[in-house]
Amino acid sequence: MSQAAEGQDVDAFLSFYRTYYSDDVARLAQNYPKEQRSLYVDYNDLYTYDPDLAERYLNRPGEMQEVAEEALRTYDLPVDISLGQAHVRLRELPRENTIDIRGIRVSDDHIGALVAVQGIVRKATDVRPKIVEAAFECQRCGTMTYIPQNDSGFQEPHECQGCERQGPFRVNNNESKFIDSQQLRVQESPEGLRGGETPQSIDVNLEDDVCGKVTPGDHVTVVGRLEMEQVTSGQEKTTVFDPYMEGVSVVIEDEEFEDMDITDEDKQEILELSTHEDIYEEMVASVAPSIYGYEQEKLSMILQLFSGVTKHLPDGSRIRGDLHMLLIGDPGTGKSQMLSYIRNIAPRSVYTSGKGSSSAGLTAAAVRDDFGDGQQWTLEAGALVLADKGIAAVDELDKMRSEDRSAMHEALEQQQISVSKAGINATLKSRCSLLGAANPKYGRFDQYEPIGEQIDLEPALISRFDLIFTVTDSPDPDHDAKLADHILTTNYAGELNTQRERMATSNFTQEQVDEVTQEVAPVIDAELLRKYIAYSKRNCFPTMTDEARAAIREFYVDLRSKGADEDAPVPVTARKLEALVRLSEASARVRLSDTVEEEDATRVIDIVRSCLQDIGVDPETGQFDADVVETGTSKSQRDRIKNIKELIGTIADEYDDEPGAPVDTILERADEVGMDAGKAEKELEKLRTRGEIYEPQSGYVRTT
């Protein structure tokens, strides 16, 4: 750029600042340099003032950044104020300059241009000092030599400017100039992907006052200059280059689903759809239509997608609105397929399998810094952090190690993850709903064993789920016939469609394909359903009517009253009451309603009652017992354990000259505590396994 052209652009920026940003420049001058070191400029303001100037800024950001900052330095300010190192940071770029990370192309002239990318911060280094002007002190004569530094490598002086000798030199840190620096790895947001796509990422270099503003898991829009760095293989340079960004500005996105572009036509279609009387049935028919049945489970998944309202109380506390749901079922019942379908229609989601997930992969990991020298540790976000404000679908929960599952406890209830690893102490957000799937302890449910005893998950984890469904595979001629028809129809539709696409000589017409496909197609298109959910979560924050509150209160109090007797089990806890509220709010959001009506409360009460009957009932007494889920041991089991341990103690006292209580005698006298010999033998085995009794000698036991 010629000096004349540069001078014209400096004058243009000065005029622009005076017209649009005089108050902002005055505020910057007042707060500079401790509290504020940058002037933020919206691209639309610059374009409105001078379209050509704005266009040059996009195409030649390096040059124009210097011009804009030079204009800021020459701005008319009081004599005692200087903005010598202040920055100009452009933000709010036009849509055509906001590109997908996977869409970066040399052929589209992206390299060297100013662009914006949206994504989620996957990794962030510590903020570290970076030298921009090194002061070299000659060890012979003490003369200072100042050398500007750049990213191409550390530059040292050839000779001293005083004695003209070649050193030796020492870097004087007090005389050198440093700025803060940080590197981010920004990954594509989950809602911008479709099933099967691997998220791509780009590294971003930040300098000075924009450092340290974001943490892993934050959804951000980064504006910066795209550059390239040559890839090396060992000591050899290759012909391949990796793109990276020199960050100009970073904005944390508050919008729930920033990548969901909902047009006016979409909005009109969504509002029209919400008025349908059978909207709930249509929603259910749009979830995994290739899987037959499971209407209640599918309705619950729909409610989970919409979620309840997150409440922020005046004292600063927060009540989660996200719903956690667990499917425990026999193999081949379609659990994984339903999880995959939900993952694809959720506006923001992350899918992982328990078999291939560690605690660090689910929560957060401290990893060696692969940005630079590899000596620093950085924090890398796991699946539950990446799913923030969305859904984390975790399959095969039962295949995970128990210590890995325990890492999820804080994420599910407090919706945050506290990390203390490798000297890093941080709290990451995980405001997501968990949709989990697992198999029973022995691979398949045993109809002769209580279901609660066949769930091989920790009670502390189980109790955090709002809804738990058991999916059993039992032969039933009528159900099996309908299931067979559905599966055969689904496959036939696929056959027709594939043959029509692949064979030019196919005898089937498009009308025939459409007719068969319509039977297994979702009622609401998946893309429209994604937008419907996003629109509802952005705009609907329903409140409860008196009738809805009364219905939920009556159900909860009535259920609790069954545990009022001294020896009766506690049927449900307050956790279930909060689950009812969240489910009711989600039900109202399905209709885009601002109020939770009695019909919403009734709908979710039926779902909760069904779940409790499956999993929250003590099979021995037939009563609701919260401890079956909350602690893994029902009240009747606890009483049985207590009684048989007392019996062991009594018999051991009677046989004080023996090493313990004879097992044969315990089994003979088991009827004294209301137990037959077979049940008593099983209980003894369980107590022995848990270490509550031991065998001092074969055939004898004692309590620990």
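All heavy atoms count here, side chains included; hydrogens, waters and symmetry mates do not. Quantities reported herein were computed from a predicted structural model and do not represent experimental measurements.
A salt bridge does not link E683 to K679: none of the charged side-chain nitrogens sits closer than 4.0 Å to a carboxylate oxygen. E585 and R582 are not joined by a salt bridge, as no carboxylate oxygen comes within less than 4.0 angstrom of a charged side-chain nitrogen.
Residues R464 and R575 are in side-chain contact: their nearest non-hydrogen atoms beyond the backbone lie under 4.5 Å apart. Counting heavy atoms from C-beta on, the side chains of S286 and M283 never come closer than 4.5 Å. With contacts defined as side-chain heavy-atom distances shorter than 4.5 Å, the pair T703/L687 does not qualify. Counting heavy atoms from C-beta on, the side chains of I270 and L528 come closer than 4.5 Å. In this structure, the side chains of T333 and Y294 come closer than 4.5 Å at one or more pairs of heavy atoms. Within the 4.5 Å cutoff, the side chain of E685 has heavy atoms near those of the T689 side chain. Counting heavy atoms from C-beta on, the side chains of Y535 and L592 come closer than 4.5 Å. No side-chain heavy atom of L303 sits less than 4.5 Å from a side-chain heavy atom of L467.
Atom NZ of K399 has more than 12 neighbouring heavy atoms from other residues, nucleotides or ligands inside a 6.0 Å radius. Surrounding CZ of R553 are at most 12 heavy atoms belonging to other residues, nucleotides or ligands under 6.0 Å away. Enclosure of atom CD in E554 is not indicated, since only 12 or fewer non-hydrogen atoms of other residues, nucleotides or ligands lie within 6.0 angstrom.
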Please walk me through it: do V581 and V596 pass side-chain contact (heavy atoms from CB on, under 4.5 Å)? CA-CA 9 Å; V581 173; V596 180; over 6 Å; no
Report the C-alpha distance between D398 and K441 in whole Å, list the side-chain angles of each, state the deciding distance to 0.1 Å, and finish with yes or no for salt bridge (Lys or Arg N to Asp or Glu O under 4.0 Å). CA-CA 8 Å; D398 55 304; K441 183 185 296 186; over 6 Å; no
Could you walk me through whether H409 and L461 satisfy the side-chain contact (heavy atoms from CB on, under 4.5 Å) test, starting with their C-alpha distance in whole Å, then the side-chain angles of each, then the deciding distance to 0.1 Å, before giving a yes or no? CA-CA 6 Å; H409 293 183; L461 178 63; 3.6 Å; yes
One pair to check against side-chain contact (heavy atoms from CB on, under 4.5 Å): R603 and Y280. What are the steps and the verdict? CA-CA 10 Å; R603 182 177 294 110; Y280 294 93; 3.3 Å; yes
Could you please spell out the steps behind the side-chain contact (heavy atoms from CB on, under 4.5 Å) verdict for D388 and L428? CA-CA 10 Å; D388 185 45; L428 306 182; over 6 Å; no
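Between Q296 and D606, the shortest heavy-atom distance links the atoms NE2-O, 4.0 Å. Considering every non-hydrogen atom in both L647 and R669, the closest pair reads CD2-O, 3.7 Å. Closest approach of I291 to K298, counting heavy atoms only: O-NZ, 2.7 Å. Across every non-hydrogen atom of I552 and A601, the tightest pair is CG1-CB, 3.8 Å. Scanning both residues, A387 and C432, for their nearest heavy atoms gives O-CB, 3.1 Å. Here the closest heavy-atom approach between residue I345 and residue A526 is recorded as CG2-CB, 3.7 Å.
Using modelled atom types, one side-chain atom of N439 and one backbone atom of G329 make a donor-acceptor pair closer than 3.5 Å. Between the side chain of T704 and the backbone N or O of E692, at least one donor-acceptor pair lies under 3.5 Å. Listed for the S307 side chain is no donor-acceptor partner under 3.5 Å among the backbone atoms of D322. K429 places no side-chain N or O within 3.5 Å of a backbone atom of G217 that could act as its donor or acceptor partner. Proximity of a side-chain donor or acceptor of K335 to a complementary backbone N or O of A437 within less than 3.5 Å is not detected. Checked by atom type and distance alone, the side chain of D676 pairs as donor or acceptor with a backbone atom of G678 at under 3.5 Å. For the pair S587 (side chain) and L583 (backbone), a donor-acceptor distance under 3.5 Å is absent. Between the side chain of R591 and the main chain of S274, no donor-acceptor pair closer than 3.5 Å is present. Checked by atom type and distance alone, the side chain of S593 pairs as donor or acceptor with a backbone atom of T595 at under 3.5 Å. The backbone N or O of Q416 sits less than 3.5 Å from a side-chain atom of S430, completing a donor-acceptor pair.
Neither side chain, R431 nor T310, offers a donor N or O lying under 3.5 Å from an acceptor on the other.
Separation of atoms NE2 (H219) and CD (Q187) is listed at 10.0 Å; rounding is to 0.5 Å. Here CE of M675 is found 6.5 Å from CG of N643. Values are rounded to the nearest 0.5 Å. Summarising the geometry, atom CG belonging to D395 is positioned 5.5 Å from atom CG belonging to L339; distances are rounded to the nearest 0.5 Å. In this structure, CG on L327 lies 6.5 Å from CD on E297, to the nearest 0.5 angstrom. Once rounded to the nearest 0.5 Å, the distance linking CD1 of I468 with OG of S300 reads 12.0 Å. How far CG of D594 is from OG1 of T545: 12.5 Å, rounded to the nearest 0.5 Å.
For the pair R589 and F541, the distance from NZ or CZ to the six-membered ring centre is under 6.0 Å and the angle to the ring normal is within 45 degrees.
Of the options I391, L326, L412, a side chain to side chain contact (heavy atoms under 4.5 Å, CB included) to L434 is made by L412 and by none of the others. Of the residues listed (E410, R318, R320, K389), the one engaging Q415 in a side chain to side chain donor-acceptor pair (under 3.5 Å) is R318, and it is the only one.
Taking F465 as the reference, nothing meets the ring-ring contact (aromatic ring centres under 6.0 Å, His included) condition, with sequence neighbours excluded.
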